[in-house]
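Following: one structure in structure tokens, then a few remarks.
Below, chains carry the letters A, B, ... as their sequence lines are ordered, and counting in each starts from 1. These figures come from a predicted structure and were not determined experimentally.
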Amino acid sequence: MEKMSTDELPLTMSFSEEQETVCIFGTGDFGRSLGLKMLQCGYSVVFGSRNPQMSNLLPSGTKALSYSEAAQKSDIIILAIHREHYDFLTELTEVLSEKILVDVSNNLKINQYPESNAEYLAQLVPKARVVKAFNTISAWALQSGALDASRQVFVCGNDSKAKQRVMDIVRTLGLTPLDQGSLMAANEIENYPLQLFPMWRFPFYLSVVLCIFFFFYCVIREIVYPYVYEKKDTTFRMVISIPNRVFPILALILLALVYLPGVIAAILQLYRGTKYRRFPNWLDHWMLCRKQLGLIALGFAFLHVLYTLVIPIRYYVRWRLGNLTATQAIAKKGNPFSTSHAWMSDSYVALGILGFFLFVLLGITSLPSVSNMVNWREFRFVQSKLGYLTLILCTAHTLVYGGKRFLSPYILRWYLPSAYVIALIIPCTVLVIKFILILPCIDNTLTRIRQGWERNSKFSKSLNGKTDI
Amino acid sequence: MEKMSTDELPLTMSFSEEQETVCIFGTGDFGRSLGLKMLQCGYSVVFGSRNPQMSNLLPSGTKALSYSEAAQKSDIIILAIHREHYDFLTELTEVLSEKILVDVSNNLKINQYPESNAEYLAQLVPKARVVKAFNTISAWALQSGALDASRQVFVCGNDSKAKQRVMDIVRTLGLTPLDQGSLMAANEIENYPLQLFPMWRFPFYLSVVLCIFFFFYCVIREIVYPYVYEKKDTTFRMVISIPNRVFPILALILLALVYLPGVIAAILQLYRGTKYRRFPNWLDHWMLCRKQLGLIALGFAFLHVLYTLVIPIRYYVRWRLGNLTATQAIAKKGNPFSTSHAWMSDSYVALGILGFFLFVLLGITSLPSVSNMVNWREFRFVQSKLGYLTLILCTAHTLVYGGKRFLSPYILRWYLPSAYVIALIIPCTVLVIKFILILPCIDNTLTRIRQGWERNSKFSKSLNGKTDI
Amino acid sequence: MEKMSTDELPLTMSFSEEQETVCIFGTGDFGRSLGLKMLQCGYSVVFGSRNPQMSNLLPSGTKALSYSEAAQKSDIIILAIHREHYDFLTELTEVLSEKILVDVSNNLKINQYPESNAEYLAQLVPKARVVKAFNTISAWALQSGALDASRQVFVCGNDSKAKQRVMDIVRTLGLTPLDQGSLMAANEIENYPLQLFPMWRFPFYLSVVLCIFFFFYCVIREIVYPYVYEKKDTTFRMVISIPNRVFPILALILLALVYLPGVIAAILQLYRGTKYRRFPNWLDHWMLCRKQLGLIALGFAFLHVLYTLVIPIRYYVRWRLGNLTATQAIAKKGNPFSTSHAWMSDSYVALGILGFFLFVLLGITSLPSVSNMVNWREFRFVQSKLGYLTLILCTAHTLVYGGKRFLSPYILRWYLPSAYVIALIIPCTVLVIKFILILPCIDNTLTRIRQGWERNSKFSKSLNGKTDI
């Protein structure tokens, strides 16, 4: 009998009251939404308000009291108040002593104040146990139940007991708490919801710059040049023809830039003879945004596919082909069939399709829920093996497209080569270096370095090659 | 030493027996599958059965006893029995007293019985602690380990201790428990697995109705009209040409309907001068199914893209173009090139491609795993800013498609305008109102209202503009 | 007052020290990364090392001690050491007694050693409580914070207390622990990260074999045959034309193979008159890889769509169409329009598009995050109802494509029928059998069997049809 009771006791003790009471200071949108949600999840909720009697719109089943009355009802107080109004809390120092204060506030700008709101709160009410949480959840999401945006709730605090209590509440609400350590992390947590795709920024700006450059490059070669020499108005090419040159070029360059940092890292490790030295910062950052680079490249490839497939629908193309055929018919001349030309045209198209297909596969496996299902070896297989195959197919697609025209001096206009010739520089470089790196002699050295061996180390020798994981 | 023991005790006490024993009443598919899964996760399992000796197919390592014997082995009893057979439990009242009874049953129809199965069970065995759980998990999913459908297990119950115990079991089985509060929630939980896309119903029926309407509208204009006046049989147009008019129209209208409720809500808030009044129910419901409307619109846009890209493959199009060219060749007349026409045709296609590209982006970010990775600001940015850009591009695509034909009286047939003219009404209205709403003077008022300011409130003035979150 | 303290105690006791200390043996990549992550999540970390003084690169805030010193600092020791070096632990038997030893090691090959690393460790240090965990997480993922691959940490161990402690740590690090039971599961857990898509292997090899077969079949009919009889070099057809025959054939056959096992299972159940007998192993395995078969089929369908859409861009097609038109113009002969041909061509294309659209929908709903959002009924509706509709549309697409040519003897070359005729065998068989199975009389019997009824069972009669869930 005694065994039985101890067996059950610990996990359920916090439920020995039928309902835990939580106090929420502030009756704004977020406070009310959170209160309603807590009510639905089995908590008893009490609101603290400046004017308890005028707090309409509160969820039924809750009541509004004055701050000090409400605070006495619970040992967890959620502060749904803007930081600017925290000062009134100093009057409640006694009541709040030892209570868990949950700071849910956000700022309007990144690093708006010298210290984070939660740290400021901890200074104001030093005797309370401050926990930062819930700031990443929106009132709308709580209300609608449609938590489309993140379910992740970052939690931090100096008092582990208090933090644990808050994390249990988060879990009960159907959200996912993520412990971020001490209150020093509050600054980062408060900045998080203000961020706008920080990892995408560099890839985005890079592709915008490359886009503009190649657009004007192509405009000069294909619109200005014919206008100057032949007085032909081909401005309409800016709408589809030129974008359809720029997009594949960007897709290819960005895809190559995904694999370039890995190649550079390997060369650095070979040169240094050790993996135990940090990479330069720019390389680290580059490696962390490879996924974003790849996805932007996929976007350009997708646009390239659509722009290519509409070619036969375009008025200009129909007009040109119709004219060609009519001329041929009028001249009553047969147009002999060139098997080599058919081979070339078909191979170029087939390589592009296969490259795009693998590219889409890569994109799908980088979806969080898919990559979460595969183990590390499978993820590496897809992203590295299939990734290089994609790069090879896309580079071959561009090379075959160029075909015999590469060596012809005719393609230079104002000494400018075709844009796709420039686009091939980085991918070809990456592929050539990668090919050298997988030659057995070099690959063996690299593998040993990556397993912890060091070329100029007295330690590694003295350890008989014993390495840790 | 003492510290150590207390440090470890509480989290592990429920494991002080090597294995916890769970009892399952019923040896059907689900009972056996659940038993096997529990066995694999370290529980000891005992089955209760009407005919213990004939219970074949039980997982090895478990045994079948009579109901009362089995019930004595554990304080958790899972009832894998249909509600229709619950009545035998009344004979076991004594044995079941204080035990945790887990109701896993489902019904065949929504609201089949006046009260939920779990509440009925609680009435039958008032001394037991009834918890509703596991009804959303299928036997097949448990058996195959391939939990393709949901891993979420909704749990509810009046006794918090009992509920917590069950939630721990759910977690141990690798599933995700979601606390739904008291046993009053059992009805909703039992209805959940019987639902068939409730949020999709309205968008689906709406699009079916619109689809049928526009299909017959186009049939009258493009098949009946030419047949009546020119005796031309163009019925084959019903297969591709007319769907390819209907699909883009539906995509555009449904996309506009995604943004219309937001615009209506803003006007309502401006008119009322406060955000502290509930929207009408139809508006709330409409706002909650915006995602579904958008995804159906994306489906139509996808079909439109495919139907458009196959145009040059169609026999009819090849025949027409071939005839045109042949006629031109026979007449030995050149067909002059129109730069303005080339501009028009290319812009129209390019706008469509870009619109579709952004539309696909929107679709990808509404995948649960993707939207779960972004913070609230990023989600809003994508769904609102990119969403409006998509709407603008798609509307422009349709406007340019119409081109000069808009003003021509020639397009009226039997006083019916082209279908796309009708399709433009809602998107243009939404865009015009949105444009007015973001004019600085109106936008400022709206922002203040959304931050809690009220036009006709004595309270908001007395509070000196202090607002809660 | 007393109530209060007990209320808080149990959930927070393990936090009564400000920070829990964890010891990590081994200062390799993984050890350091894990240490850094734990530090960030609020743990105090101590490293054990062979050469404490030479352990550079350790995260700041941690220190390296000798193994025995480090082990005394904590009751949880994480072994970030290769299995080959475990033998030194025998010297530490005393210090490690009663400690929790976490084995994080992986092997290089599946089943490399007779017993798992964790079991070997448990034999070496019998007094320690060994837990297997973290082996599925990579150092790179921990470092970068970009846990692109799985967040799932499989945990197993014989001591439940120890396992629970480790699972708490896993949860604190923001990862998802999955309890796999006793240490006997360690072998499987260690093999997991070495697997390379085990469920995809059979579908992949099957499709490669089918691909090669149909490729050569088509090469014989369409390249060798014309070369032998007409001396025409049509080798260029191998690049696009023939793949574009092979891909749709594979898509259709694989899609039919997704639904064939369900049909076989139904026939088996009808024949046996009971569902309480195991299916043969091959059928079970086949049913478990239906999803993979379907996704590969979708891949082929996607390639077929792209290969079809580029048709009008191909040089060969443009040349042929141009020649046709020119010939027509030279002969000054009209080319009469055939409405029935237009109907046929358009229906065939439209059926293909709709089939592909539904196929893509099926693919999207099989994404883990999407299938996780729908309940079981919805999942079944999509995968079964929509799936059969897709199969019907795709089969009809192929049938209409064949059109009148089916019965013509002209299509036989060297007694070989067209490849698509062969492709239709399995889908048509599946559809016909399915059609028979849903005839009311058969469907009723099947439904009763699936609800537990047995044709030749004395038990089922004696139970008055009472069945468990």
Nearest-0.5 Å distance that lies between atom CD in Gln328(B) and atom CD1 in Ile330(B) |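 So the gap between those two atoms works out to 10.5 Å.
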Given a strict heavy-atom distance threshold of 4.5 Å, which part of [X] is in contact with chain B: side chain, backbone, both, or neither?
| X | answer |
| --- | --- |
| Tyr348(C) | neither |
| Val155(C) | neither |
| Phe381(C) | side chain |
| Leu367(C) | side chain |
| Ser345(C) | side chain |
| Thr365(C) | neither |
| Ser338(C) | both |

Kindly state whether the ring of Phe337(C) and the ring of Tyr315(B) have centres lying under 6.0 angstrom apart.
->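 Between Phe337(C) and Tyr315(B), the centre distance is under 6.0 Å.
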Checking heavy atoms, do the side chain of [X], its backbone, both or neither come under 4.5 Å from chain C?
| X | result |
| --- | --- |
| Arg318(B) | side chain |
| Phe197(B) | both |
| Glu84(B) | neither |

Which residue, Asp159(C), Asn158(C), Val166(C), forms the side-chain contact (heavy atoms from CB on, under 4.5 Å) with Val131(C)?
->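 Going through Asp159(C), Asn158(C), Val166(C) one by one, the side-chain contact (heavy atoms from CB on, under 4.5 Å) with Val131(C) is satisfied by Val166(C) alone.
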Of Leu34(B), Ile169(B), Val45(B), the residue whose pairing with Ile78(B) passes side-chain contact (heavy atoms from CB on, under 4.5 Å) =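 When Leu34(B), Ile169(B), Val45(B) are each tested with Ile78(B), the side-chain contact (heavy atoms from CB on, under 4.5 Å) holds only for Leu34(B).
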Please check if any side-chain donor atom of [X] sits under 3.5 Å from a side-chain acceptor atom of [Y], or the reverse.
| X | Y | result |
| --- | --- | --- |
| Ser241(B) | Tyr307(B) | no |
| Trp343(C) | Thr235(B) | yes |
| Tyr192(B) | Asn106(B) | no |

May I ask you to decide whether Glu20(C) forms a salt bridge with Arg165(C), counting only side-chain N to carboxylate O separations under 4.0 Å?
->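 Between Arg165(C) and Glu20(C) there is a salt bridge, with a charged N closer than 4.0 Å to a carboxylate O.
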Sort out for me which of [options] touches chain C most, counting heavy-atom pairs under 4.5 Å.
| options | value |
| --- | --- |
| Leu303(B), Val310(B), Thr234(B) | Leu303(B) |
| Ile313(B), Leu196(B), Asp233(B) | Leu196(B) |
| Pro243(B), Ser369(B), Ala329(B) | Ser369(B) |
| Asn244(B), Leu39(B), Asn323(B) | Asn323(B) |

Count the heavy atoms of every other residue, nucleotide or ligand shown that sit under 6.0 Å from CZ of Phe279(C), and state whether that count exceeds 12.
->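 For Phe279(C), atom CZ is crowded (more than 12 foreign heavy atoms under 6.0 Å).
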So which of Val349(C), Val317(C), Ile353(C), Leu361(C) has the biggest tally of heavy-atom pairs under 4.5 Å with chain B?
->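 Max contact count across the listed options: Ile353(C).
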Just say parallel, tilted or perpendicular for the rings of His82(B) and His85(B), cut-offs at 30° and 60°.
->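 Perpendicular.
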